[in-house]
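Below is one structure, written out as structure tokens; the observations come after it.
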Amino acid sequence: MAQPLVKKDDDRDDEADYHPFLGIEKGAVLQEARVFNDPQLDARRCSQVITKLLYLLNQGESFTKIEATEVFFAVTKLFQSRDIGLRRMVYLMIKELSPSADEVQIGTDISYIASNIKVIIVTSSLMKDMNSKTDMYRANAIRVLCRITDGTLLTQIERYLKQAIVDKNPVVASAALVSGIHLLQTNPEIVKRWSNEVQEAVQSRAALVQFHALALLHQIRQNDRLAVSKLVTSLTRGTVRSPLAQCLLIRYTSQVIRESGGNTQTGDRPFYDYLESCLRHKAEMVIFEAAKAITELSGVTNRELTPAITVLQLFLSSSKPVLRFAAVRTLNKVAMTHPMAVTNCNIDMESLISDPNRSIATLAITTLLKTGNESSVDRLMKQITNFMSDIADEFKIVVVEAIRSLCLKFPLKYRSLMNFLSNILREEGGFEYKKAIVDSIVILISDIPDAKESGLLHLCEFIEDCEFTYLSTQILHFLGIEGPKTSDPSKYIRYIYNRVHLENATVRASAVSTLAKFGALVDSLKPRIFILLRRCLFDSDDEVRDRATLYLNTLGGDGSVVETDNDVKDFLFGSLDVPLVNLETSLKNYEPSEEPFDINSVPKEIKSQPLAEKKAPGKKQPGLGASPSGPASTVDAYDKLLSSIPEFSNFGRLFKSSPPVELTEAETEYAVNVVKHIFDSHVVFQYNCTNTIPEQLLENVTVVVDASEAEDFSEVASKPLRSLPYDTPGQTFVAFEKPEGVPAVGKFSNMLRFIVKEVDPSTGEAEEDGVEDEYQLEDLEVVAADYMLKVPVSNFRNAWESMDPESEQVDEYGLGPRESLTEAVSAVINLLGMQPCEMDYYSGHDYGKGSEVVPNNSRSHTCLLSGVYIGNVKLLVRLSFGMDSSREVAMKLAVRSDDVNVSSAIHDIVASG
């Protein structure tokens with residue numbers, strides 16, 4: 001009796017692998033397509049053949065001209081059949097082989113189909129069906145005809161389409177409306193004439209007709225904000241019955257609220273009241289859409305959130321998984337900005353941790369971690385432990401990030417949270433998952449001092465069995481930074497030296513560098529470190545040997561216990577003061593000679609490309625003209641140009657040159673831009689001019705500068721441009737004196753003056769007599785950022801700690817209401833003109849990313865900046881931003897520099913900015 005049951009199961013397995021189109025070939029299907037020509041059509045067999053053809057087309061099969069033509073004509077013969085199922089398949093086939101279809105899938109060469117004969121055959125048959133008494137024919141014919149039609153044919157059938165929009169049959173009306181939505185992309189002017197019919201269709205009792213009509217009417221009016229507002233106002237009074245249309249109307253209402261400046265705290269707010277009334281709708285999709293819209297309103301208050309949170313809380317206990325998922329996902333987003341508003345749902349969400357749907361369980365856990373209090377942490381950790389093994393890595397990463405945020409919120413709970421992270425770190429998982437855990441541990445170590453010892457040991461145990469080279473090297477690097485600062489640095493040496501024996505060359509080289517850091521920073525460990533480094537001299541990899549040799553010779557290979565010189569520490573482990581890209585360029589241009597390479601000659605300012613490459617090829621740049629050859633550094637080129645002009649030769653070394661600032665609009669008769677050259681006690685404006693009129697020659701070209709709004713500046717020199725022929729760039733200069741080392745700011749008005757001489761087009765010679773003329777240019781400003789060089793540091797924390805703490809000045813500022821933290825961060829960076837530094841392991845947060853990047857929905861952020869102030873004063877800035885529920889932004893500014901006066905100057909700039 002058991003044998004037949006086994007056989008039945010085997011058959012079921014075979015059926016599971018069955019594919020109806022397995023092994024299908026184009027040639028065989030084309031042979032089968034001959035049944036379309038039979039006098040007695042077999043509707044079922046023809047439908048099967050069309051299905052196979054459609055499968056081939058959608059799989060990207062390429063048909064030849066002859067094959068496609070034969071199939072097309074054969075399919076058109078099927079219009080004689082009255083079988084409704086076959087007719088629907090014919091419509092699908094015509095859409096694929098249509099003369100004007102936009103998305104044909106039969107290869108690259110199908111232009112042969114667009115012949116007048118085929119257009120006539122198809123359109124005449126479809127026109128006949130469109131006026132048929134069979135509603136199914138009419139609806140499908142409208143869809144296909146609108147898909148293949150062009151503007152000329154559309155005007156001929158427009159009357160029929162208008163009638164179809166208000167047809168009593170909802171299938172026909174929906175077909176016409178959906179076709180209108182597609183046609184709006186190609187023939188908007190024609191579709192916009194259907195507004196009256198579409199407006200009538202919006203009042204239809206058929207749910208889909210009302211839904212499609214509302215979608216089309218909104219698209220017709222979407223570029224007219226007032227018209228959309230009127231549409232929403234009229235429809236929110238209760239004329240929409242379809243739940244689908246109601247969801248659309250809720251979205252349009254939210255859009256109108258956003259564009260009108262958000263919901264105000266006082267006064268009549270009919271749009272918000274409409275959203276709140278939808279929370280009492282009988283359709284679940286409408287209730288959820290309204291709740292979601294309310295939670296996403298800008299500046300929404302806790303009082304306004306309460307009704308939406310209440311209905312979402314009811315959905316959490318729904319028997320439908322889709323409602324539970326939608327509710328918990330929405331609450332998860334709300335918890336990022338209004339965690340206290342979600343706390344009432346915590347009990348319901350705790351029951352979802354055991355939900356069979358792992359996506360729901362993950363969202364429930366992450367939401368609880370965002371909204372939970374300190375007393376609930378241990379209970380949550382116990383529930384999560386059993387849960388982690390059942391979910392995929394991408395969900396695990398979300399949970400890990402939530403745990404990290406919770407630990408930073410409740411630092412006293414670091415032991416239980418750190419133990420949890422270390423336990424899951426030992427389990428199986430992919431690179432991104434392990435990287436998220438390591439990042440979290442590193443950030444906790446950086447932000448919670450008490451967690452350093454245990455956290456470093458957890459990382460040491462992880463690299464004993466780590467299969468990812470990247471993570472091993474990053475952890476070793478972090479150990480070299482934090483390990484020597486612990487109470488017992490020697491306990492980490494064993495873990496580090498094990499890597500020299502058991503890992504690949506990349507990890508071994510990183511381990512050698514980490515050992516050297518311990519030797520340089522912990523004098524008592526030097527003899528033991530030197531023994532280990534000498535053993536590394538016999539490594540099989542040259543990089544490992546070279547590093548060991550460098551560190552032994554630099555730190556002192558005799559093994560004596562002496563304090564390591566600070567210059568040696570800076571040389572080996574300090575950050576470079578020059579950008580790597582500039583260093584690489586300078587090294588490539590360095591020619592071996594008796595003089596050694598001087599790192600001080602490397603430009604410190606980052607330039608994306610030289611000035612001469614700013615414009616498109618073939619178009620002359622009104623700038624340096626024939627700039628001197630040499631290294632690809634704009635600053636060097638400008639320095640050589642200015643020093644060659646006697647009037648400016650005694651100004652000293654050029655500190656900075658700004659990017660060109662346009663002073664004229666595009667396509668004007670004269671193109672002028674200006675470059676600001678900053679010296680210690682002077683500012684030189686270089687006006688790059690281009691004459692765009694072929695019949696004119698300009699002579700004695702100067703720029704008259706009015707500095708009445710720049711009190712700290714006084715004009716000391718100028719250099720006019722003798723001649724400015726057509727399309728030949730030239731420069732004129734004006735120099736101003738300012739207080740030395742002071743970031744003087746001001747606004748300058750500019751007037752271009754010149755003598756115009758007419759040029760004979762036939763001979764190209766200019767007339768002797770000219771006419772004086774002038775041309776008003778845009779105003780120019782010198783701002784505080786002009787006195788700052790963008791110079792990055794590779795290791796912000798080391799650079800910060802190496803500066804004198806006495807030079808640090810800290811203050812707090814209110815930045816007022818802002819749309820987002822991103823806007824506030826960008827405004828401060830632009831004001832100071834400094835270089836954003838990357839987050840790293842020891843700066844916390846998202847290491848490896850630029851600190852100017854603010855995570856989505858973040859209410860706080862830290863930004864790190866570096867630069868060189870005029871006078872070659874290095875300085876570092878740490879900005880801490882916070883945003884409250886009313887979108888008011890507060891900022892804490894900490895500055896360290898080589899000169900305490902510069903630290904004060906930065907605060908003055910921010911205070912006055």
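These figures come from a predicted structure and were not determined experimentally. Positions are given from 1, in the same order as the sequence printed here.
Residues Q246 and C278 approach most closely at NE2-SG, 3.9 Å, considering heavy atoms. Shown here for F713 and G746, the closest heavy-atom pair between the two residues is CE1-N, 4.3 Å. Across all their heavy atoms, E304 and Y272 have their closest contact at O-OH, 2.9 Å. Across all their heavy atoms, E852 and H861 have their closest contact at C-NE2, 4.4 Å. Minimum heavy-atom separation, A799 to L876: C-CD1, 3.5 Å. Between F796 and L865, the shortest heavy-atom distance links the atoms CE1-O, 3.5 Å.
Side-chain atoms of D224 never come within 3.5 Å of backbone atoms of R221 as a donor-acceptor pair (strictly under, hydrogens ignored). Checking side-chain atoms of K790 against main-chain N and O of S866 turns up no donor-acceptor pair under 3.5 Å.
The side-chain heavy atoms of F271 and T233, taken from C-beta on, include a pair separated by under 4.5 Å. No side-chain heavy atom of L663 sits under 4.5 Å from any side-chain heavy atom of N673. A heavy-atom distance below 4.5 Å is found between the side chains of M751 and Q776. Contact check for L821 versus V889: side-chain heavy atoms found under the 4.5 Å cut-off. Between V703 and F685 the shortest side-chain heavy-atom distance does not fall below 4.5 Å. Inter-residue side-chain proximity for L879 and V825 is flagged as unmet; no heavy-atom pair is nearer than 4.5 Å. The shortest side-chain heavy-atom distance between I287 and R280 does not fall under the 4.5 Å cut-off.
Here N750 pairs with Y687 under the side chain to side chain donor-acceptor pair (under 3.5 Å) rule; sequence neighbours left out. Qualifying side chain to side chain contact (heavy atoms under 4.5 Å, CB included) partners for D680, counting only residues two or more places apart in sequence or in other chains: E740, I870.
Using the six-membered ring where Trp is involved, F288 and F315 have ring planes that are tilted, between 30° and 60° apart. Aromatic ring pairs are classed by plane angle as parallel below 30°, tilted from 30° to 60° and perpendicular above 60°; the pair Y252 and H218 is parallel.
A side-chain donor from one of N332 and T367 sits under 3.5 Å from a side-chain acceptor of the other. Side chain to side chain, T668 and E665 fail the donor-acceptor criterion of an N or O pair below 3.5 Å. A donor-acceptor pair shorter than 3.5 Å cannot be found between the side chains of S807 and D899. Side-chain polar atoms of S904 and Q809 form a donor-acceptor pair below 3.5 angstrom. Judged purely by distance below 3.5 Å, without hydrogens or angles, the side chains of T330 and T295 never pair a donor atom with an acceptor atom.
A salt bridge does not link K738 to D712: none of the charged nitrogens lies less than 4.0 Å from a carboxylate oxygen. Using a cut-off of 4.0 Å between Lys/Arg side-chain N and Asp/Glu carboxylate O, E812 and K892 are scored as not salt-bridged. The pair D779-K747 meets the salt-bridge criterion, with a side-chain N (NZ, NE, NH1 or NH2) lying under 4.0 Å from an Asp/Glu carboxylate O. For the pair E808 and R896, the salt-bridge criterion is met [side-chain N within less than 4.0 Å of a carboxylate O].
Counting heavy atoms of neighbouring residues, nucleotides and ligands inside a 6.0 Å radius, atom CZ of R329 does not exceed 12 of them. Within 6.0 Å of the CG atom in L226, the count of heavy atoms belonging to other residues, nucleotides or ligands exceeds 12. Environment of CE in M340: sparse, with no more than 12 heavy atoms of neighbouring residues, nucleotides or ligands closer than 6.0 Å.
If you look at F655 and Y787, their ring centroids are not closer than 6.0 Å. A distance of 6.0 Å or more separates the ring centres of H682 and F736.
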| Verdict with reasoning, V334 to I309, per side chain to side chain contact (heavy atoms under 4.5 Å, CB included) | CA-CA 9 Å; V334 176; I309 299 297; 4.2 Å; yes
